[in-house]
Number of protein chains: 2
Amino acid sequence: MALQSFIEVEPDSHFPIQNLPYGVFKPEPASMARPGVAIGEYVLDLSEISKAGLFNGPILKDSDCFLQPNLNKFLSLGRPAWKEARDMLQKLLSSNEATLRDNANLRQKSLVPMGKVEMLLPMEIGDYTDFFSSMHHAKNCGTIFRGPANPVPANWFHLPIAYHGRASSVVISGTDIVRPRGQFAPSGNSPPPFGPSQKLDFELEMAAVVGPGNELGKPIDVNEAADHIFGVLLMNDWSARDIQAWEYVPLGPFLGKSFGTTLSPWIVTLDALEPFACDSPKQDPQPLPYLAEKISKNYDISLEVQIKPAGKEDSCVVTRSNFKYLYWTLTQQLAHHTINGCNLRPGDLLGTGTISGPEPESLGCLLELTWNGQKPLSLDGFTRKFLDDGDEVTFTGFCKGNGYTVGFGTCSGKIVPSTP
Amino acid sequence: MALQSFIEVEPDSHFPIQNLPYGVFKPEPASMARPGVAIGEYVLDLSEISKAGLFNGPILKDSDCFLQPNLNKFLSLGRPAWKEARDMLQKLLSSNEATLRDNANLRQKSLVPMGKVEMLLPMEIGDYTDFFSSMHHAKNCGTIFRGPANPVPANWFHLPIAYHGRASSVVISGTDIVRPRGQFAPSGNSPPPFGPSQKLDFELEMAAVVGPGNELGKPIDVNEAADHIFGVLLMNDWSARDIQAWEYVPLGPFLGKSFGTTLSPWIVTLDALEPFACDSPKQDPQPLPYLAEKISKNYDISLEVQIKPAGKEDSCVVTRSNFKYLYWTLTQQLAHHTINGCNLRPGDLLGTGTISGPEPESLGCLLELTWNGQKPLSLDGFTRKFLDDGDEVTFTGFCKGNGYTVGFGTCSGKIVPSTP
């Protein structure tokens, strides 16, 4: 029989005792931000658990890491601390443990109904990097932007391509996204058109959150990279395709991306994902030695995107994909990132890039789904080439276990009109 | 007669009373970091001046902005606070003002010989953006990488192209730079070669430091952009040209840049640079309205790069350029950066890109100076295609005033071998 909590958790809840993802929240609008874990319909306030002296293992006993307004300090402590916290919390929340279950006062202080809290970004992000690790996405984008002859650049199968993203505009799920304005490619000799983007897109991604970093000049070995990854969350890397197409040669995407990137509030740990590990795709050609890992691991995480237009009651599923389609693994991404000596810091964010699957229904952005607007999507009573003002885009992700679900909750944002 | 300080300042010093650039330093290795301004051969400790109650103007009187370990809080206060501080400090340091001049105890506490202090990064950098604003550099790089037919991309004359850089690996002048390892373009069907970069380069840049930022979704008008720029410093955007050439299609530079970026310690304010303002180049085609500024300003800042090989006593001048060669102004860069709604934060860093002049002796990097290694530079008893281990690269920059110099000090770093 699976581990059970004394807190009632619906069978399809994303947050059973097997998950225990970490976030940062305010119980009341005027409260200080603090770390918590999700359990069923509640958030367990880790600052209260810490103050009650319940983190009493050798690493965490004297630590103030749960009295911080973000998770960075906890992230920096590394896997032994993460394991100690997880073991303690699973025990504390289990149905046969009295400590919290039978302490009404502590339950009252530490368990906050999820519907009442305000979620914040779980960490301070020093740097945000976005990879490009789905082969199907790379092929489709290459075909759309550069033609079908050689859609995937020569380097793609040799290294996990990435670019530096903008950390300041990473926002928490639920934040409105203002439609960006910018320049687009001109026709002939006319000046470039300027105005609100007409090709506003979502990008279905996940992102790894870095734990302990590395010193500048000291790369991380690919076989040790997993110890530097705390967990994973959902990420919408909103993209203005018309701005991007005009600006990106030769230095890559800039304003086409930096107007907003949305994160889901709960970081699901690699420990919680471990039961859903699966083989990563066979890599051909063989990666160079610094990218060749002893165990090459993906995770079977079902992903789904829904759009709810302004004024409609219901959302409409736009695409279904899966994390396991990624060609380059999280650990290869991290090892590649540091091979030149680049230093990572706790809380850094490594986006996977858009996760497209092999099927037409599993593409991870509207650029691919509508083939750059040429084939509008027919949805439930409406069509879309790109996003309209008022559209609310929601990502969900989950792993299906035996009798339980390890889920990511949702990552959502609504498009609001450009300010004139 | 020019304003003079009671502190003796050599005529060719970079730090007369007309300059007063801001930095962050430790007077002793065990001290807390604190803000200071450079004056002659001294650093004036602003934490001591603040504790002595000498910042007594309406904005700064009750502020703890000079009791911080970085300048971010002062940066966030904006131009009225910067002006108040500058007026007070110029008065305090002037030859006819007794307050500090005649107070031996306060002089003892607040004036630290520059040779004794450790300089630190002056601000915490949230995001670092690198532009590509020198036309000569864009033309030369385009010719080298893509051929002479259309060296400058079609978008270049319409917008200040930029990419997101890596904030974590920005270091202070004097920090060694470890030669990065990475992949290079393969020949034919062989796997990509891997190893220490063979084309390690400097890039002669300057960078603006952002003061008050903007809210996400709210662009900054180009005519108000100067109020969001505190000052400027020297920047060496070290580049591994072989890594960059193989990785940069289609998402731009990544590991070819992120192994290190060096900043000079002193931020020279726009107020100190104002006497050296000059017209910016005529822009043709006319920029779009959001980039068309009422006053389009460059600064006449002489720049020089020297290399000192391992074991040599003397440095050798490699190139001389000038900030005034930039095509896109700092204010246009900043306005463009925010036009999509992207938010800037105090302490953000906006690099200009390599500043190359029109003459062969004024090119801003070895890629251009040696035409990608095809024409080695003959220097004083040695030749260089790219940088060798042990090479120390030093940038200097200054503006020549009437009887005084407003200078930037130096920005230097030495190449150390890759760790195996």
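Chain letters run A, B, ... following the sequence lines, proteins first, then strands; residues in each count from 1.
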Which bit of A:Ala154 is near chain B, if near means a heavy-atom gap under 4.5 Å: side chain, backbone, both or neither?
-> both

From B:Asp130 atom CG to A:His164 atom NE2, the distance as rounded to the nearest 0.5 Å | 10.0 Å

Relative to chain B, which segment of A:Ile339 carries a heavy atom at a distance below 4.5 Å: side chain, backbone, both, or neither?
-> both

Classify the angle between the aromatic ring planes of A:Phe254 and B:His337 as parallel (below 30°), tilted (30 to 60°) or perpendicular (above 60°).
-> perpendicular

Are A:Arg166 and B:Leu344 side-chain neighbours, meaning at least one heavy-atom pair lies under 4.5 Å?
-> yes

Under 4.5 Å heavy-atom distance to chain B, tell me which part of A:Arg179 shows up: side chain, backbone, both or neither.
-> neither

Which word best sums up how the rings of B:His158 and A:Trp246 line up, parallel for under 30°, tilted for 30 to 60°, or perpendicular for over 60°?
-> tilted

Between chain B and each of A:Gly126, A:Gly341, A:Pro253, count heavy-atom pairs under 4.5 Å; write down the option with the most.
-> A:Pro253

Most chain A-contacting option - heavy-atom pairs closer than 4.5 Å, from B:Val178, B:Leu216, B:Thr338 | B:Leu216

Between A:Pro196 and chain B, which part of the residue has a heavy atom less than 4.5 Å away: side chain, backbone, both or neither?
-> neither

Toward chain A, the part of B:Thr129 with a non-hydrogen atom under 4.5 Å = side chain

Measuring heavy-atom distances to chain B, does A:Ser169 have an atom under 4.5 Å in its side chain, in its backbone, in both, or in neither?
-> both

Scored by heavy-atom pairs under 4.5 Å with chain B, the best of A:Pro219, A:Gly165, A:Pro153, A:Ala240 is A:Gly165

Under 4.5 Å from any heavy atom of chain B - which part of A:Val416 | neither

Chain A contact via B:Thr419 - which portion, at a heavy-atom distance below 4.5 Å = side chain

So, the part of B:Pro289 with a heavy atom under 4.5 Å from chain A: the answer is neither

Report the option among B:Gly256, B:Gly217, B:Ala162 that has the most heavy-atom pairs separated by less than 4.5 Å from atoms of chain A.
-> B:Ala162

Would the number of heavy atoms belonging to other residues, nucleotides or ligands and lying under 6.0 Å from CD of A:Glu124 be above 12?
-> no

Which bit of B:Asp348 comes within less than 4.5 Å of chain A, counting heavy atoms only: side chain, backbone, both or neither?
-> side chain

Bottom line for A:Leu255: the part with an atom under 4.5 Å from chain B's heavy atoms is both

Taking all atoms of both residues into account, what is the closest heavy-atom pair of A:Leu251 and B:Ile161, and its distance?
-> CD1-CG2, 3.9 Å

Which bit of B:Gln286 comes within less than 4.5 Å of chain A, counting heavy atoms only: side chain, backbone, both or neither?
-> neither

Tightest non-hydrogen contact, residues A:Phe132 and B:Pro250, listed as CE2-CG, 4.2 Å

B:Tyr290 versus chain A, heavy atoms under 4.5 Å apart: side chain, backbone, both or neither?
-> side chain

Can you tell me if B:Asn340 uses its side chain to pair, donor with acceptor, with the backbone of A:Pro180 under 3.5 Å?
-> no

A:Ala167, A:Gly182, A:Pro186: which one forms the most heavy-atom pairs within less than 4.5 Å of chain B?
-> A:Ala167

To the nearest 0.5 Å, how far apart are CG in B:Leu288 and CD in A:Gln183?
-> 4.5 Å

